[in-house]
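What follows is one structure encoded as structure tokens, with my remarks underneath.
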Amino acid sequence: MLKIHVDMEKCQHYGQCVFEAPAVFHLNDEDKLEYAATADDSQRDDIQLAIEVCPMQAIKFVE
Amino acid sequence: MVDPVVIVGGAMGGLRTAESLRRSGYSGPIRVFGEEPHAPYNRPPLSKEVLAARVDHAAVAFPQGDATADVEWNLGTRIEHVDLARSVVVDERGDEHPYSGVVVATGLRSRHLDLPAMPTSGVHAVRSLDDAIALREVLTPGTRIVIYGAGFIGCEVAATANKLGAEVIVVGKGPVPLLRPLGAQLASDIQSRQEAHGVKFFMNSRITRVIGGDRVESVLLDNGVEIWCNAFIEAIGSEPNVELLDDNDVDLDDGVRVDQNLRITRADGTPWANAFAVGDVARFPIPRFSDRIRRVEHWNVPTEMARKVGKVLAAQINDAPDLEAETSKAFDPIPSFWSDQFEVSLLAYGLIDEADRVELLEGREGSECVYGYFMGDDLVGVCGVGMRSAVMAYRTKVGR
């Protein structure tokens, strides 16, 4: 099981992560980011890509 | 001993290339050369948080994972020349480093005014972390800053400096700031919003002299107006760092020309098999938009390019069966950028500067809205003021 953390102080809700890992990240009706704090190991690559494309570099795995 | 993959450029494009090589199954040696002394860091905060919140390298450095822990980083080392025919790079000491594959990710440097008798201090740029750290020392309440250049960097620095209490004057050559990247409507809207916060604009103007000896004292415009200031920021664009590829059979006209697999091409268009370019330095085709071969200075593009190069180069070195499948898929990214200035938060997809027509797609001008940018009948770009979900829904619709 993977643990994910988004620093919501940094997050500006650009939604770039949503395209890389839609199973984990989405924007809600108010255009604010929501995410699953845990994900299956099969999501690792997608989440890694989401980490890379985050303009604010706000996403990380929690070890 | 197999020759390493050499990545020339220690910024985001170089790091992402190393990561992609590992992710794509290349396990051989990777050697990165970077001219800056700092490990790869995120540049967009340079015009914002690094100035305003006075954060240091640790706050903007890209986190690096286990996959790239064995990459050899040679920071503070400039590569003078790449010899494509001999597959070696030559560093500033004259030492040669052979490679099995080379990736040029040298990026851009700030363009500087070519004026005589520039002052010896008080002239700033905003390209590197060190530039931003030097600049923030002068952005204090009551200082007067002249920014030359009304593009994204100029306008973002203007907003940040204004918030820090500096008096900010932007001088730009065009009729409105951000005209080329955003089109006239949105550009005028942003100018009005900036002016409401107290930023002053002198548009349709060129600076003909920067006056001062030890310190900047004033700038002189082509209409005779002289503006006194405590500091002067050049934000007049940038140029690609291609000189290391001189004396090769390559096309270096505004960036290094690469093909659909991002391989550097010879003058006759055929690719060098083991030489690639990634990021702002590269000029490449984006078939979904046009037949033009162009550079794209948008933040997400180096990462997309690095992913492509990592896959192709790893498959090539590993002699993997998926090489042909990978090289038959043309690199065809959807560029994206964003910008924050005061309360305005922009998010865009596509290539707005290819457009010949702008249309309001959703929302209300001057408020939250989405603009569409068209080339003929094709939607080539969208830009939203707010309205994130609405903008994102257009992402896959841009292109011809």
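FYI, side chains are in, hydrogens and waters are out, and symmetry mates aren't considered; it's all heavy atoms of this structure.
The interface of residues 25-42 of chain A with chain B, defined by heavy-atom distances below 4.5 Å, comprises A:L27, A:N28, A:D31. Within residues 61-69 of chain B, the residues having any heavy atom closer than 4.5 Å to a heavy atom of chain A are B:F62, B:P63, listed by residue number. Residue-level contacts of residues 51-61 of chain A with chain B, in order of numbering, are A:E52, A:V53, A:C54, A:P55, A:M56, A:Q57; threshold 4.5 Å between heavy atoms.
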Let me have the donor-acceptor pairs involving side chains of residues 363-370 of chain B, under 3.5 Å, with sequence neighbours excluded, atom names and distances please.
none

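Using a 4.5 Å cut-off between heavy atoms, B:I334 makes no contact with chain A at all. With a threshold of 4.5 angstrom between heavy atoms, B:S345 approaches chain A through side-chain atoms but not through N, CA, C or O. Heavy atoms of B:S389 lying under 4.5 Å from chain A belong to its backbone as well as its side chain.
For the set B:E304, B:E19, B:E49, the count of heavy-atom pairs under 4.5 angstrom toward chain A peaks at B:E19.
Between B:Y349 and A:F19, the angle of the ring planes goes over 60°, which puts this pair in the perpendicular group of the 30/60° scheme.
You'll find the side chain of B:L347 reaches within 4.5 Å of the side chain of A:Q16, heavy atoms only.
Within a 6.0 Å sphere centred on CG of B:L51, other residues, nucleotides and ligands contribute more than 12 heavy atoms.
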